[in-house]
Each structure stands twice: as C-alpha cells, then as structure tokens.
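Protein chains get the first letters and strands the later ones, always in sequence-line order, with residue 1 at the start of each.
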Amino acid sequence: MVYDTEDNKHDILPKIEDVSTVMETSTDRPLDDVLIKKSEYPDDETIEYQSFCFPCDIKSEPESIDESTEIYFDPKEWLINDNNSGKIRAPRQNEFLYFLLEDSRYSSYLSWLDRNEGLFKIHQPERVIQLWTKVKNRQTNGVMDYDTFARGLRYYYQLGTMIKTHRKYTFRFKMLANE
DNA sequence: AACCCGGAAGGACG
DNA sequence: GCGTCCTTCCGGGT
C-alpha cells in the first residue's frame, strides 16, 4: 500500500457519487450485483483501492463497550476491490487503519499526530480492535486483544510499510516522502 | 503494570 | 496446494 502525502481522502475513501449511485440502483439487490456494476466504472490509476457502502439491512449486535457512542457498522462498507487481483476482500490491517484515520467519525478512536509523517496514535485501542475484528470477521476461537492486534502491525516493520516509533499506541506509516 | 519487540507455529482465506 | 496476512502465544526489554 502506498501512502502519498499528497492524496486527499477521496483517493482512498468511497466517492460520494459512487455511493449515491449504488444506493439508487441496488438497495435490494445482492452484493454481487452491486460489485459487478461497480467494476464497470472507469478505472482511475491514482485509486489503488475502492470500497463500497450502501444502505444496510443488517443490524449490529449489542456491544460489550458503551453502546451509546457506538458508530454504526455495516460490514459491506469495508469490502475492498483489490485492483491487483480483481477480487473482493476484507481490508488489510494497515488499510483498515488508514481508512479510520481518514474518516473524521473515528477521530476519537485514533488520529494523526503528523499526517505528513504518517505518524498516528490510537486513543481507544479497545474500540479499534473491536471494529477490526468485525471488519475482518475471521473465523477464530481466540480473543483479539491489543497484544495480538499490535503483533499484526509489527509485521509491517519488516515489510517496510510501517516504521517503529517505540511509543505507546503510536505507529507510523512509511510515506512516499520518507523513502 | 502495561506497553514494545520479534521468534515460532500455525490458522484462515483467497 | 500454496503464499500472504495475520492470530496466538511467548520470553525478554523498556
């Protein structure tokens, strides 16, 4: 994944016009129809990934942590059309975090410390982890905790997509400008 | 105590 | 069946 400091959020988040089109044409159609239709859209080389969102008919389960401030969750909003493989998949852990950081709804969960440096801090790890497990929906029997979540992120160090900060709840994407 | 780190093993999924 | 990306567990460091 490439983190270009010159990107604006529309390069990585769903475009408003895309969302409205899908909402108008496919509120009661299966997901596959929607995705097939989406694949007909002209490709923009600057967009590495696209995700889709449209009205949801699935209610979230009650949460263990403070439901009153829970942000509405639709699993289908988080699917990614991988332009490399042409397949639909859940986001990677780094993609997931980047989406969150670029969406002001989640600014209480985590936020940039220095966006140009790719530096960010997780303020509410339990919420981020809970959302991650819902987005990923991986069939496991263990319990995802911060240690497990952070171990996943540490693999990005050796992959070169993230840089160590050694600071609490603080991580750093490797941006193009840092190369 | 609560993080951060990376090795080891192995699972889930495309 | 295979490679990637985690998930789980852990011992050691800060």
Rounded to the Å, how far apart are [X] [atom1] and [N] [atom2]?
| X | N | atom1 | atom2 | value |
| --- | --- | --- | --- | --- |
| A:D82 | B:dC13 | CG | P | 17 Å |
| A:I163 | B:dG6 | CD1 | C1' | 18 Å |
| A:K168 | B:dC4 | NZ | P | 8 Å |
| A:L79 | B:dG14 | CG | P | 10 Å |
| A:Y169 | B:dC3 | OH | C1' | 7 Å |

Inset, instruction - Identify which nucleotide among B:dG7, B:dG14, B:dC5 has an atom closest to any side-chain atom of A:Y157, counting heavy atoms from C-beta outward. - result: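 Of the candidates, B:dC5 comes closest.
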Going by the rule ring-ring contact (aromatic ring centres under 6.0 Å, His included), which residues pair with [X] if we only count those two or more places apart in sequence or in a different chain?
| X | result |
| --- | --- |
| A:Y106 | A:Y109 |
| A:Y157 | none |
| A:Y155 | none |

Legend entry - Under 4.5 Å side-chain linkage, directly or through intermediates, the cluster mates of A:L113: A:L119
Inset, instruction - Look at A:H166 and C:dT14 and indicate whether a side-chain polar atom (N or O) is within less than 4.0 Å of OP1 or OP2. - result: no
Legend entry - Contact under 4.0 Å: A:Y146 side-chain N or O vs B:dC4 OP1/OP2: yes
Legend entry - Distance-only donor-acceptor check, side chains A:H123 and A:S108, under 3.5 Å: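 Judged by distance alone, the side chains do not pair up.
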Inset, instruction - Not counting sequence neighbours, which residues clear side chain to side chain donor-acceptor pair (under 3.5 Å) with A:D147? List them please. - result: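 Counting only residues at least two positions away or on another chain, A:D147 forms no side chain to side chain donor-acceptor pair (under 3.5 Å).
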Inset, instruction - Encode nucleotides 4-11 of chain C as B, S and - characters from 5' to 3', where the letter depends on protein heavy atoms closer than 4.0 Å: B to the base, S only to sugar-phosphate, - to neither. - result: -SBBBBB-
